[in-house]
2 protein chains.
Amino acid sequence: MTTVESSGLPADVYSAKCPTRQVLDHISGKWTILVVDSLLEGTMRYTDLSRRIEGVSQKMLTQTLRALEADGFVTRTVHPTIPPRVEYALTDLGRGLAEPITALRRWTETHINEIERARARFAEAQNPPPPSRA
Amino acid sequence: MTTVESSGLPADVYSAKCPTRQVLDHISGKWTILVVDSLLEGTMRYTDLSRRIEGVSQKMLTQTLRALEADGFVTRTVHPTIPPRVEYALTDLGRGLAEPITALRRWTETHINEIERARARFAEAQNPPPPSRA
DNA sequence: CAGCATCCAGCATGATACTG
DNA sequence: CAGTATCATGCTGGATGCTG
């Protein structure tokens, strides 16, 4: 096998088989978090989500919902009426997923100032602007 | 402001100004987690990381390290010797970032079986395979 | 050793038009 | 209403060659 032997390290953190990577690749999609967040407030119809998330294309919304459904994070319920009525809701698994995401969000929000100061320092170091006064 | 009023929702979760999105976009990069994980074990030189992560191109490794440096997650120390010697290390902030990431990793690893069962069910529902025996 | 600059391929995303 | 199908594109990421 091609595993790194000299260390107990990543091995295949980016392998398609790495669970973290699989899930991370999904939630890092542009719309996934928006959808999950929306559904945390309750069941919604396609159009509800579409209007709420505002900016998402039909293609992307559908794609995101399908991926979430495939992973068991949301349920899709079709009411065979006219006009059609499709409702999306989070599963328990989906609500569980929301927790670590929220943890990450909170950590980030707590430290965003620190991060932005670091960025400012970095930018300045790269881009030595004329010290406004010698 | 352009914030959604009718709900306390996403507002601009995908806006460039959303902290969560900013950080998520970074850690969702193919190599960021690998680099952070590696550096959790201690200071490393460029080549150490390059060899350890194995599969990363120079471009991507450099790019990833620069982004992490810009955000204040790693320090880059250049020893002006010949040949050059550059050492990378996690900052406290970087170690802090590792925690929510680890939390996500753990949640995923705990639930990956459930996710994969959901996927199997979904695939089957989409792709009604001939029931091996009528 | 530790990069940077350039070129290129593929996929993710997005806009548009059409359908049950 | 809730999608599907197609086309266009922009950016991510990888390969290659050069430098202090």
Side-chain angles (χ1 to χ4, degrees), chain A residues 13-16 18 21-35 38-39 43-70 74-89 122 125-127, chain B residues 13-16 18 21-35 38-39 43-70 74-89 122 125-127:
Chain A
V13 182
Y14 194 69
S15 154
C18 174
R21 177 52 60 185
Q22 290 178 26
V23 170
L24 192 56
D25 280 347
H26 278 162
I27 68 174
S28 67
K30 294 180 77 160
W31 309 106
T32 305
I33 289 184
L34 285 296
V35 170
S38 294
L39 291 179
T43 297
M44 290 200 186
R45 299 178 58 175
Y46 183 88
T47 308
D48 293 336
L49 289 166
S50 172
R51 281 172 28 99
R52 184 176 188 111
I53 296 181
E54 200 168 1
V56 68
S57 63
Q58 292 175 326
K59 176 182 175 181
M60 281 301 101
L61 181 55
T62 299
Q63 187 172 304
T64 302
L65 286 167
R66 287 293 183 283
L68 286 170
E69 188 193 357
V74 310
T75 58
R76 176 172 180 272
T77 308
V78 181
H79 301 268
T81 59
I82 293 181
R85 180 183 188 86
V86 180
E87 295 190 318
Y88 293 92
F122 186 80
Q126 302 305 306
N127 214 20
Chain B
V13 181
Y14 195 69
S15 153
C18 173
R21 176 52 61 185
Q22 289 178 26
V23 170
L24 193 56
D25 280 347
H26 278 162
I27 68 173
S28 68
K30 294 180 77 160
W31 310 107
T32 305
I33 289 183
L34 284 297
V35 170
S38 293
L39 292 179
T43 298
M44 290 200 187
R45 298 180 59 178
Y46 183 88
T47 308
D48 293 336
L49 289 166
S50 173
R51 282 171 28 99
R52 184 176 190 112
I53 297 181
E54 199 168 1
V56 67
S57 64
Q58 291 175 327
K59 177 182 175 179
M60 282 299 101
L61 181 54
T62 299
Q63 188 172 303
T64 301
L65 286 167
R66 285 295 182 282
L68 286 169
E69 189 194 357
V74 310
T75 57
R76 177 173 180 271
T77 309
V78 181
H79 301 269
T81 59
I82 293 181
R85 179 184 188 87
V86 180
E87 296 191 317
Y88 293 91
F122 185 79
Q126 301 306 305
N127 214 20

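What you see below is based on every heavy atom in this structure, not just the backbone, and it leaves out hydrogens, waters and symmetry mates. Convention: sequence-line order gives letters A, B, ...; per-chain numbering from 1. Please read all numbers here as calculations on a predicted model, not as lab measurements.
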Shortest side-chain distance from [X], nucleotide among [options]:
| X | options | answer |
| --- | --- | --- |
| B:Lys59 | C:dA2, D:dG14, D:dG3 | D:dG14 |
| A:Thr62 | D:dG3, C:dG20, D:dG14 | D:dG3 |
| B:Gln58 | C:dC4, D:dA2, C:dG14 | C:dC4 |
| A:Tyr88 | D:dC1, D:dG3, C:dA15 | D:dG3 |
| B:Arg76 | D:dA15, D:dG3, C:dA2 | C:dA2 |

Could you give the [atom1]-to-[atom2] distance, from [X] to [N], as a whole number of Å?
| X | N | atom1 | atom2 | value |
| --- | --- | --- | --- | --- |
| A:Leu65 | D:dT4 | CG | P | 10 Å |
| B:Arg85 | C:dA2 | CZ | P | 8 Å |
| A:Met44 | D:dC1 | CE | P | 16 Å |
| B:His26 | D:dT12 | NE2 | C1' | 13 Å |
| B:Asp25 | D:dT12 | CG | P | 9 Å |
| B:His79 | C:dA2 | NE2 | C1' | 13 Å |
| A:Leu61 | D:dA2 | CG | P | 10 Å |
| B:Ile53 | D:dG13 | CD1 | P | 14 Å |

Measure from the side-chain N and O atoms of B:Arg21 to the backbone N and O of A:Ser28, and report whether any donor-acceptor pair falls under 3.5 Å.
yes
B:His26 backbone acceptor or donor facing B:Thr32 side chain under 3.5 Å
yes
Under 4.0 angstrom between [X] side-chain N/O and [N] OP1 or OP2:
| X | N | answer |
| --- | --- | --- |
| A:Tyr46 | D:dT4 | no |
| B:Arg45 | C:dC1 | no |
| A:Thr47 | D:dA2 | yes |
| B:Trp31 | D:dT12 | no |
| A:Arg66 | D:dA2 | no |

Would you say B:Arg76 has more than 12 foreign heavy atoms packed within less than 6.0 Å of its CZ?
yes
Would A:Lys30 and A:Met60 count as a side chain to side chain contact (heavy atoms under 4.5 Å, CB included) here? Give the steps.
CA-CA 9 Å; A:Lys30 294 180 77 160; A:Met60 281 301 101; over 6 Å; no
Tell me whether the side-chain N or O atoms of B:Lys30 pair up with the base of D:dG13 as donor and acceptor below 3.5 Å, since no angle test is needed here.
no
Do A:Leu39 and A:Val74 come close enough that some side-chain heavy atom pair is under 4.5 Å?
yes
